[in-house]
Amino acid sequence: MAGPAAGIILPEPLTQVQKNDIFLYLESIASQIHGKYDYSIEGRPFLYTEGPETDDALQIYIDEAVPEVIGWIPQDSIGFAAMCKSEQDHRILGELCLYFARELSGLIDFGWTLGKLTDYCGTLYEIYYDKHNGLNQFYHVGDAEFMEYWLQHPGFHMIK
């Protein structure tokens, strides 16, 4: 059963040089490489995705008013998924997100809410959307400074 996953939304489309740099970095930290998008890091299986999952995935951010909240229109994305769900898998995923959010000037899309957080460092956005039955749900998107804080927080976890 798969573990947690997260994405990095980017203010600009990835260049070919950035794509190559991502692969070089992943290869440098991988304990095994199973394929172009399939790595083991510290012996734990992870998947890497490049670009939005579907053609309209970036449009969903616009429909959910993400640009009004974060101040720019997402132009591209990358993602990571842990294929297991131990504490180590959550931590590796968080560290990958921190590294690439910094390197690519992106924001981490946690994919759901981390819970109610009132005292933290960095920027954590709540992105609201309408769910079934008119409930006003939200998910979190945070910057690298928030992720650095979150990795040290006693309640640290990524979203499964």
Could you go through Thr49 and Ile78, starting from their C-alpha distance and side-chain angles, then the distance that decides it, and tell me whether this counts as side-chain contact (heavy atoms from CB on, under 4.5 Å)? CA-CA 6 Å; Thr49 60; Ile78 62 173; 5.8 Å; no
Tyr48: partners by ring-ring contact (aromatic ring centres under 6.0 Å, His included), with sequence neighbours left out: Phe23, Tyr37, Phe80
Across all chains, not counting sequence neighbours, the ring-ring contact (aromatic ring centres under 6.0 Å, His included) partners of His153 are Tyr149, Trp150
Checking Lys160 side chain against Ala2 main chain: does a donor-acceptor pair fall under 3.5 Å? yes
Under 4.5 Å between side-chain heavy atoms, chaining through other members, with only Ile, Leu, Val, Met, Phe, Trp and Tyr counted: pull out the rest of the cluster around Ile60, sorted by chain and number. none
If you link I, L, V, M, F, W and Y whenever their side-chain heavy atoms are under 4.5 Å apart, who else ends up in the same group as Ile73? Ile62
Nearest non-hydrogen partners of [X] and [Y], listed with the distance:
X      : Y      : answer
Ala30  : Tyr39  : CB-CD2, 3.8 Å
Phe46  : Ala82  : CE2-CB, 3.5 Å
Gly111 : Tyr139 : C-CB, 4.0 Å
Ile9   : Pro74  : CD1-CG, 4.1 Å

Can you sort out the partners of [X] under side-chain contact (heavy atoms from CB on, under 4.5 Å), two or more places apart, ordered by chain and number?
X      : value
Phe138 : Thr113, Lys116, Glu126, Tyr128, His140
Pro11  : Trp72
Ser31  : Ser40
Thr123 : Tyr125, Asp143

Which pairs count as salt bridge (charged side-chain N to carboxylate O under 4.0 Å, His left out) when at least one residue sits in residues 63-82, sequence neighbours excluded? none
Tell me, which pairs form a salt bridge (charged side-chain N to carboxylate O under 4.0 Å, His left out) where one or both residues lie in residues 28-46, sequence neighbours left out? Arg44-Asp89
Kindly indicate whether the side chain of [X], heavy atoms from C-beta on, has any atom under 4.5 Å from the side chain of [Y].
X      : Y      : answer
Leu107 : Ile70  : yes
Val69  : Ile127 : yes
Pro4   : Ile159 : no
Asp21  : Leu24  : yes

Distance-only criterion, 3.5 Å: show the donor-acceptor pairs between side-chain atoms of residues 91-105 and protein atoms not counting sequence neighbours.
from   : atom 1 : to     : atom 2 : distance (Å)
Arg91  : NH1    : Leu151 : O      : 2.8
Arg102 : NH2    : Glu148 : OE1    : 2.9
Arg102 : NH2    : Glu148 : OE2    : 3.4

Across all chains, not counting sequence neighbours, the side chain to side chain donor-acceptor pair (under 3.5 Å) partners of Tyr120 are none
Would you compute the distance between atom CG of Leu114 and atom CG of Leu124 and round it to the nearest 0.5 angstrom? 6.0 Å
Separation between CD (Glu12) and CD (Gln75), nearest 0.5 Å, reads 6.5 Å
Please check if the number of heavy atoms outside Glu87 that lie under 6.0 Å from its CD is greater than 12. no
When the ring planes of Phe156 and His90 are compared, do they come out parallel, tilted or perpendicular, using 30° and 60° as the limits? perpendicular
